[in-house]
Amino acid sequence: MTLIIVGICLLELLLVLGGGYRLMNSRTVQIAGRLVDRVDTAEKVVALTFDDGPTGEADADAMLQTLADRDVRATFYLNGNGIERFPGVAARLVDAGHELGNHTWSHPRMILLPPSEIARQVSATDRLIRQAGYEGEITFRPPYGKKLLTLPLYLAATQRTTVTWDVAADSEDSASSAEDLAAATVANTRPGSIILLHPWYGRSATQQAIGMIIDDLHRQGYRFVTVSELIDG
Ligand SMILES: [Zn+2]
């Protein structure tokens with residue numbers, strides 16, 4: 001068993017060195033397990049997903065009010081270390097009817113890590129998601145979308161679905177206005193889209209864009225569901 005693990009790690013290192021970048025960063029291809037970046041449907045239905053955090057009550061207030069005003073439920077891919085710091089915020093998200101997903105414990109690039117560390121990053125975060133009161137299926141989103149061999153094999157062995165995205169307008173260092181962010185997001189959205197935003201860490205432009213995106217897509221006849229609802233159709 002140890003030899004197999006060492007072999008897989010070595011193979012992963014060779015893939016990284018040998019130009020496995022496209023596979024590592026692909027939003028649509030993964031060597032094992034189920035990967036979803038969007039859903040094929042003619043119905044005007046989309047999922048809003050918010051990555052990282054939780055980072056505190058003020059950020060949660062801004063998002064939860066916007067979503068509640070519009071009766072929209074979203075999916076939050078949280079970090080375990082954020083939930084550990086703000087367990088009450090995670091519980092508020094659950095109480096408001098939102099879906100929680102797993103975005104690892106401390107947001108590392110999930111490549112070239114020993115299998116034991118991959119397992120810890122995922123399972124410890126799952127545990128806190130359950131403690132926050134979330135009872136639905138927990139899907140997984142890799143930080144920076146990065147996965148190669150060890151992570152997909154672990155996710156497949158533990159029957160987890162990996163969820164990426166097909167619409168992302170705000171990169172980590174984005175300085176766009178709320179209006180530009182909303183316009184770019186809406187322009188790229190189509191039926192079955194999974195939209196990624198980063199509204200934590202006091203990113204007020206992204207927080208403001210959430211309401212604009214919802215209002216614009218509502219006007220176009222779109223409905224918002226959680227990731228699990230989108231996948232289950
Ligand atoms: Zn992230």
Side-chain angles (χ1 to χ4, degrees), residues 21 23-30 33 35-38 46-56 58-60 62-64 67 74-87 89-90 93-94 98-113 117-129 132 134 138-148 150-152 154-155 160-176 181 184-185 188 193-207 209-210 213 226-228 230:
Y21 289 105
L23 179 61
M24 178 172 75
N25 292 317
S26 173
R27 280 187 286 106
T28 54
V29 179
Q30 179 167 284
L35 173 70
V36 178
D37 71 313
R38 62 180 303 278
V46 292
L48 272 180
T49 67
F50 303 132
D51 276 16
D52 311 332
T55 49
D59 286 332
M63 289 180 257
L64 286 175
L67 294 167
T75 303
F76 290 80
Y77 285 97
L78 301 180
N79 294 124
N81 60 6
I83 308 175
E84 185 180 50
R85 199 159 160 225
F86 300 106
V89 174
L93 302 177
V94 176
H98 301 294
E99 178 167 322
L100 301 193
N102 187 321
H103 196 42
T104 74
W105 184 265
S106 57
H107 210 274
R109 286 173 169 75
M110 295 286 271
I111 52 161
L112 302 178
L113 289 177
E117 175 61 11
I118 299 252
R120 192 193 69 84
Q121 286 278 341
V122 180
S123 62
T125 303
D126 265 7
R127 206 152 42 238
L128 291 198
I129 286 173
Y134 177 69
I138 302 175
T139 61
F140 178 81
R141 174 170 283 165
Y144 316 102
K146 289 189 191 298
K147 67 258 164 321
L148 207 45
T150 321
L151 175 62
Y154 171 78
L155 296 170
R160 289 162 206 272
T161 299
T162 305
V163 176
T164 53
W165 59 89
D166 68 319
V167 180
D170 72 333
S171 64
E172 300 286 346
D173 54 358
S174 161
S176 306
L181 203 57
T185 302
N188 290 315
S193 279
I194 297 176
I195 299 168
L196 163 63
L197 292 166
H198 295 88
W200 296 97
Y201 295 96
R203 299 183 63 172
S204 54
T206 303
Q207 291 170 6
I210 295 170
I213 292 165
T226 67
V227 161
S228 290
L230 185 70

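Just follow the structure's listing: the first ligand is 1, and inside any ligand the first atom is 1. Atom set for the values below is all heavy atoms of this structure, side chains included, hydrogens, waters and symmetry mates excluded.
- A donor-acceptor contact closer than 3.5 angstrom links the side chains of T49 and R141.
- None of L93, T226, V94 except one satisfies the side chain to side chain contact (heavy atoms under 4.5 Å, CB included) rule with E99; the exception is T226.
- Under 2.8 Å from the Zn ion (ligand 1) lies no N/O/S atom of D51, from backbone or side chain alike.
- For H103, the nearest N, O or S atom to the Zn ion (ligand 1) falls under 2.8 Å.
- Ring pair F140/H103: centre-to-centre distance not below 6.0 Å.
- If you take CD1 on I83 and CZ on F76, they are separated by 12.0 Å, rounding to the nearest 0.5 Å.
- Angle NE2(H107) to the Zn ion (ligand 1) to OD1(D52): 90° [nearest 10 degrees].
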